[in-house]
Amino acid sequence: MSAALMKGVLRGMGREVLCELLVWKETVGNRPVYSQCRVVTAPLDLPDGEYVLLFDGRTVPAKKQGGWWAMEGLG
């Protein structure tokens with residue numbers, strides 16, 4: 001398993017912004033499998049609420065609460 005910094009998009013609360021994430025992945029066959037991800041940079045003015053995180057062809061439900069990001073699953 002390895003960690004990598006990736007670009008992503010956060011969409012929600014009437015906004016769509018670029019972000020950076022730290023992901024933990026391993027390759028199974030020719031396919032990357034992600035076990036965790038964490039938003040490490042995003043605009044500070046994003047309000048708490050429901051978002052969708054888009055990265056590497058994946059769509060992950062995300063939530064910002066109290067200034068912290070939580071992902072619902074990587075699917």
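This structure is a prediction, so every number in the text was calculated from the model and none was measured.
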Checking side chain to side chain contact (heavy atoms under 4.5 Å, CB included) for the pair S35/K25: CA distance, chi angles, key distance, verdict?
CA-CA 6 Å; S35 60; K25 71 176 184 174; over 6 Å; no
Value rounded to 0.5 Å, distance of [atom1] in [X] from [atom2] in [Y]:
{"X": "S2", "Y": "E26", "atom1": "OG", "atom2": "CD", "answer": "9.0 Å"}
{"X": "F55", "Y": "M6", "atom1": "CZ", "atom2": "CE", "answer": "6.0 Å"}
{"X": "R38", "Y": "M71", "atom1": "CZ", "atom2": "CE", "answer": "10.0 Å"}

Looking at K64 and L46, would you say the former's side chain and the latter's main chain have a donor-acceptor pair under 3.5 Å?
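Yes; judged by distance alone, with no hydrogens or angles, the pair exists.
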Is there a donor-acceptor pair under 3.5 Å between the side chain of R31 and the backbone N or O of G29?
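Here the side-chain-to-backbone pair does not exist.
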Are side-chain heavy atoms of [X] and [Y] found at a separation under 4.5 Å?
{"X": "W69", "Y": "L10", "value": "yes"}
{"X": "E20", "Y": "K7", "value": "yes"}
{"X": "R11", "Y": "Y51", "value": "no"}
{"X": "P61", "Y": "E50", "value": "no"}
{"X": "L21", "Y": "L53", "value": "yes"}

Could you pull out the closest heavy-atom pair between G49 and M13, with the gap in Å?
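Closest approach of G49 to M13: CA-SD, 3.9 Å.
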For residues C19 and V39, report the shortest heavy-atom separation together with the two atoms involved.
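C19 and V39 have their closest heavy atoms at CB-CG1, 4.5 Å.
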Indicate, with yes or no, if W24 and L5 share a hydrophobic cluster defined by side-chain heavy-atom contacts under 4.5 Å among Ile, Leu, Val, Met, Phe, Trp and Tyr.
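Linked within one cluster.
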Spell out, yes or no, whether V28 and V23 are grouped together once hydrophobic residues are joined by side-chain heavy atoms under 4.5 Å, including indirect joins.
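V28 does not cluster with V23.
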Can you spot which of V17, V52, L54 makes a side-chain contact (heavy atoms from CB on, under 4.5 Å) with V9?
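Only match with V9 under side-chain contact (heavy atoms from CB on, under 4.5 Å): L54.
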Is any NZ, NE, NH1 or NH2 atom of the basic residue among D45 and R15 found under 4.0 Å from an Asp or Glu carboxylate oxygen of the other?
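Looking at R15 together with D45, the answer is yes, because their closest N to O distance falls below 4.0 Å.
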